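Taking it in order: structure first as structure tokens, then the write-up.
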Protein chains: 2
Amino acid sequence: MDDMRFYCLHSELCKTLANEKRQMILGTLRDGEMTVSQLREKTRIPQANLSQHLSLLRGRGVVSARRDGTHVFYSIANPKIIQAFDLITEVMLESLEQQKGLADRALAPDAAE
Amino acid sequence: MDDMRFYCLHSELCKTLANEKRQMILGTLRDGEMTVSQLREKTRIPQANLSQHLSLLRGRGVVSARRDGTHVFYSIANPKIIQAFDLITEVMLESLEQQKGLADRALAPDAAE
DNA sequence: GTACAACATTCGTATATTCGAATGTACTCG
DNA sequence: CGAGTACATTCGAATATACGAATGTTGTAC
């Protein structure tokens, strides 16, 4: 079973996305490239911490950086990341709907289960 | 900024996928529903640990369970999970390609950068 | 009822992540 | 050169995750 390597890489990429701050960064970067300062203003993430997350995202190839003078512009490396992001959103919303449905049924137990 | 809740839920779903064992489970379940025993054989994950992961996946609505006698059948709750899974695979492979490209260029530095 | 199989949960520990504080580096301007 | 801005890295402590071992639960058969 050499799928092991496959699943490892797979989960590694998921881990990179598995953090609210990093999701926030991606959600902000989806509109186009942006400097760290701009990201800091939009996301309200403290500078050091923001840099840490950007470093991780960079290391995993999720975003890419471009230096221009004293500024560094970040952008999403692969547009498919955005597709994945949106799919996750859909799954999330549908899951919430479903849970809501279950809750409603529990509150109004007309028919027996 | 109430996107906070959005990004939280978003990353929570990603966290659910951010583990090799759970990826393995999903990769195995994508062919159809399966009992815990079958999953254990295919994935070689110890029973208790497998149950723990399944419990987490169930709690987050990623898989659903159906009991039949003494067996419990698990299946992927939302087909979009599989789409997301495959997108992640694509991103991963393209990222590997790109890294390989960079490595090749580093080994054969003909033209200046 | 007992015995057994299939699966789930709890608990404790090892390991990984996250984040702030401090410090470091790269670049520009004068 | 020094000073200031933009960004990155390191370190340590708090928190979260993963997993094995033991124990529980649920269902079937007898």
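Labels below follow one simple rule: chain letters A, B, ... track the order of the sequence lines, proteins then strands, and each chain is numbered from 1. As the structure is a prediction and not an experimental result, all values here were calculated from the model.
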Near DNA chain D, which residues from residues 26-36 of chain A have a heavy atom under 4.0 Å away? Thr35(A), Val36(A)
Residue pair [X] / [Y], side-chain heavy-atom distance below 4.5 Å:
X        : Y        : answer
Ile25(B) : Leu50(B) : yes
Thr35(A) : Val72(A) : no
Ile82(B) : Ile76(B) : yes

Rounding to an integer number of Å, can you tell me how far [X] [atom1] sits from [N] [atom2]?
X        : N       : atom1 : atom2 : value
Glu20(A) : dT15(D) : CD    : P     : 15 Å
Arg40(A) : dA8(D)  : CZ    : C1'   : 14 Å
Lys15(B) : dT17(D) : NZ    : P     : 6 Å
Leu50(A) : dC19(C) : CG    : C1'   : 13 Å
Lys21(B) : dA18(D) : NZ    : C1'   : 8 Å
Met24(A) : dT18(C) : CE    : P     : 13 Å
Phe73(A) : dC27(C) : CZ    : P     : 15 Å
His71(A) : dG4(D)  : NE2   : P     : 18 Å

Looking at Pro79(B) and Ala77(B), what are the two nearest heavy atoms and their distance? CD-O, 4.1 Å
Short side-chain donor-acceptor distance under 3.5 Å, [Y] and [X]:
X        : Y        : result
Gln52(B) : Asn49(B) : yes
Tyr74(A) : Arg58(A) : yes
Ser37(A) : His71(A) : no

Is Gln47(A) side chain donor-acceptor paired with the dG20(C) base, going by distance under 3.5 Å alone? no
Less than 3.5 Å between a donor and an acceptor, one on the side chain of Gln52(A) and one on the base of dT10(D), is that the case here? yes
Which residues pass the ring-ring contact (aromatic ring centres under 6.0 Å, His included) test with Phe73(A), sequence neighbours left out? none
For DNA chain C, what residues of residues 54-70 of chain A have any heavy atom nearer than 4.0 Å? Arg67(A), Gly69(A)
Between His53(B) and Ala48(B), name the one whose nearest nucleotide on DNA chain D is closer to the 5' end. His53(B)
Look at Tyr74(A) and dA6(D) and indicate whether a side-chain polar atom (N or O) is within less than 4.0 Å of OP1 or OP2. no
Asp86(B)/Arg30(B) salt bridge by N-O under 4.0 Å criterion: yes
Assert: residue with more 5' nearest nucleotide on DNA chain C, out of Asn49(B) and Pro46(A), is Asn49(B)
Ranking Asn19(A) and Val72(B) by the position along DNA chain C of their nearest nucleotide, the one closer to 5' is Val72(B)
